[in-house]
Amino acid sequence: MGVFFTLSTSAAIILLILPGELCVDIIGGHEVAPHSRPFMAILDGKDFCGGALIKPDWVLTAAHCCLRGGSVTLGAHSRTKREKEKQVIKIAKEIPYPAYSFQTKEHDIMLLKLEKRAKINRAVKVIPLPTSGNDVKPGTTCSVAGWGLTVNNRKELSDTLREVNITVINRKTCNDKKHYNNQITNNMVCAGSKQGGKDSCQGDSGGPLICNNVLKGITAFGKDKCGTLNGPGIYTLITKQHLQWIWKTIGGDLQTGI
C-alpha cells in the first residue's frame, strides 16, 4: 500500500510531506479567470486548506483540516495580493462529521461556522448543495480547484486560483494493489487521468469536486506524489447521509435548502 497524504498544508511551513498529515494541490491545471469561482474559500489556520461557501455564514471543507480558530478568506483570486473583493472572516466553530475517521479517511467532511455572514456580491457567492447523494459514474469529467502546489517537490503554493479537469475512475480499478489496495469505500470518489499529470495536491484539501456543474465531493487525500498513474486523487462523496447532517447542522430542508 502506498503512503497516503492529506491535501492540507501547514500554514507556517509549506512542505510536501507533513508527519501524520495528508495533503493536495492542483497539478496539470490552469489559472481560472479572476473571481469566476466565487464560492471558493481560502482557509488559514494550523493547516492551509480550501473550502466552499454553502451559506453566507457556513463553509464546507475536509475534516482533516486543522484550523484551530483560524480565518476564511472569500472573494480571493490571489492568495497574497491585496484585492478589494476579499472578505476575511474568523472561524467561530469547526464541526467535523461525527463518523469521520482519521485512520481510514472515511467521511472526511467538515462544516465551518463563521463569526459573521459574508456579504454576497459578484465575487462572493454560495454554491448550491446537491439535491441527492447519488454516486458519480466512472468516466464522468469533473473539476477541482485550489491554491495548492502545482509541481511536485516544490514548497510554494500557487498564488492564484487554479483548476484542473479530472475523470472519475472505477472503484474496483482504484482499489487494486497498484493503486490504493482496497482502501477506497463507496463514500469516496477516485478521480484523475489515465495518463497521469492531472490531480489535486498539497494545499487543495477541502476544495469542492464539481461534476456536471453539481457539487459532488470534497478534496480529501492522495499519495505522496501528486499526479502519478497509480495515485489518483481521492474525494469524499457527498452522500444523502452527509446532506441530512449538513442541513440539520446549518438549518434548512434537504429538498428545498431553505
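For this chain, numbers begin at 1 and follow the sequence in order.
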Is the closest side-chain donor-acceptor distance between Asn230 and His179 under 3.5 Å?
no

Side chains of Ile120 and Pro56, heavy atoms from C-beta outward: is any pair under 4.5 Å?
yes

Interatomic distance, Ile166 atom CD1 to Thr140 atom OG1 [nearest 0.5 angstrom]:
11.0 Å

Are side-chain N/O atoms of Asn175 and Gln183 paired as donor and acceptor at under 3.5 Å?
no

Drop me the distance from Lys86's NZ to Lys81's NZ, to the nearest 0.5 angstrom.
10.0 Å

Nearest heavy-atom neighbours spanning Thr61 and Gly50
OG1-O, 2.8 Å

When clusters are formed by joining ILVMFWY residues with side-chain heavy atoms under 4.5 Å apart, either directly or through shared neighbours, do Val168 and Val164 land in the same one?
yes

Indicate whether any N or O donor in one side chain lies under 3.5 Å from an N or O acceptor in the other, for Thr185 and Glu106.
yes

Would Ile238 and Trp245 show up in the same hydrophobic cluster when neighbours are defined by side-chain heavy atoms closer than 4.5 Å?
yes

Of all the heavy-atom pairs spanning Glu31 and His77, show the shortest one and how long it is.
OE2-NE2, 2.7 Å

Would you check if Val124 and Gln87 make a side-chain contact, meaning some heavy-atom pair closer than 4.5 Å?
yes

Under a plain distance cut-off of 3.5 Å, with no hydrogens placed, do Asp44 and Ser71 share a side-chain donor-acceptor pair?
no

Which pair of heavy atoms, one from Leu161 and one from Ala145, lies closest together, and at what distance?
CD1-CB, 4.0 Å

Met40 side chain reached by Trp147 side chain, heavy atoms, under 4.5 Å:
yes

Derivation and outcome, side-chain contact (heavy atoms from CB on, under 4.5 Å), residues Leu243 and Thr131
CA-CA 8 Å; Leu243 288 171; Thr131 56; over 6 Å; no

Kindly give the heavy-atom pair with the smallest separation between Val88 and Thr73, and that separation in Å.
CG2-OG1, 3.7 Å

Reported CE-to-OG1 distance for the pair Met188 and Thr239, which is rounded to 0.5 angstrom
12.0 Å

Given side-chain contact (heavy atoms from CB on, under 4.5 Å), test Lys137 with Asn212 step by step and report yes or no.
CA-CA 11 Å; Lys137 294 181 179 179; Asn212 297 321; over 6 Å; no

With a 4.5 Å cut-off on side-chain heavy atoms, are Val189 and Lys216 touching?
no

Could you walk me through whether Val126 and Trp58 pass the side-chain contact (heavy atoms from CB on, under 4.5 Å) test, one step at a time?
CA-CA 9 Å; Val126 300; Trp58 288 94; over 6 Å; no

Compare all side-chain heavy atoms of Lys93 with those of Leu112 and state whether any distance is below 4.5 angstrom.
no

When you measure from the side chain of Asp176 to the backbone N and O of Asn181, does any donor-acceptor pair fall under 3.5 Å?
no

Just how far is it from atom CD1 of Ile234 to atom CG of Leu209, taken to the nearest 0.5 Å?
11.0 Å

Tell me whether Glu94 is salt-bridged to Arg68, with the criterion being a basic N under 4.0 Å from an acidic carboxylate O.
no

In this structure, is the centre-to-centre distance between the rings of Tyr97 and His242 below 6.0 Å?
yes

Can you spot which of Lys113, Lys116, Lys119 makes a salt bridge (charged side-chain N to carboxylate O under 4.0 Å, His left out) with Asp57?
Lys113

Any pair with a residue in residues 165-174 that passes side-chain hydrogen bond (donor to acceptor under 3.5 Å, both in side chains), sequence neighbours left out, goes on the list, sorted by first then second residue, please.
Asp135-Arg171

Tell me if a side-chain donor or acceptor on Ser36 pairs with a main-chain N or O of Val32 at a distance below 3.5 Å.
no

Quick check: is Val136 connected to Val214 through a chain of hydrophobic side chains (ILVMFWY, heavy atoms under 4.5 Å apart)?
no

Which heavy-atom pair separates Ile218 from Gly206 by the least distance, and what is that distance?
CG2-CA, 3.6 Å

Closest contact, heavy atoms only, Ile169 versus Gly192:
CD1-N, 3.9 Å

Residue pair His64 / Lys105, side-chain heavy-atom distance below 4.5 Å:
no

Would you kindly say whether Gln241 and His107 are connected by a side-chain donor-acceptor distance under 3.5 Å?
no

Thr236 and Asp108 side chains, donor-acceptor separation under 3.5 Å:
no

Identify whether Leu129 and Ile109 are in the same connected component of the hydrophobic contact network (ILVMFWY, side-chain heavy atoms under 4.5 Å).
yes

Quick one: are Tyr235 and Cys142 in side-chain contact, heavy atoms under 4.5 Å?
no

Separation between CG (Leu111) and NZ (Lys248), nearest 0.5 Å, reads 13.0 Å

Transitively linked via ILVMFWY side-chain contacts under 4.5 Å: Ile42 with Leu53?
no

Validation row: Val72, Leu114 side chains within 4.5 angstrom (heavy atoms):
yes

Counting N and O atoms only, with roles assigned by atom type, does the side chain of Lys178 sit under 3.5 Å from a partner on the main chain of Gly231, one being a donor and the other an acceptor?
no

Establish, for the pair Lys223 and Tyr180, whether the NZ or CZ atom is under 6.0 angstrom from the six-membered ring centre and no further than 45 degrees off its axis.
yes

CG on Leu215 to CD1 on Ile210, rounded to 0.5 Å
6.5 Å

side-chain contact (heavy atoms from CB on, under 4.5 Å) between Leu74 and Phe39: does it pass, once the steps are laid out?
CA-CA 8 Å; Leu74 303 166; Phe39 48 82; over 6 Å; no

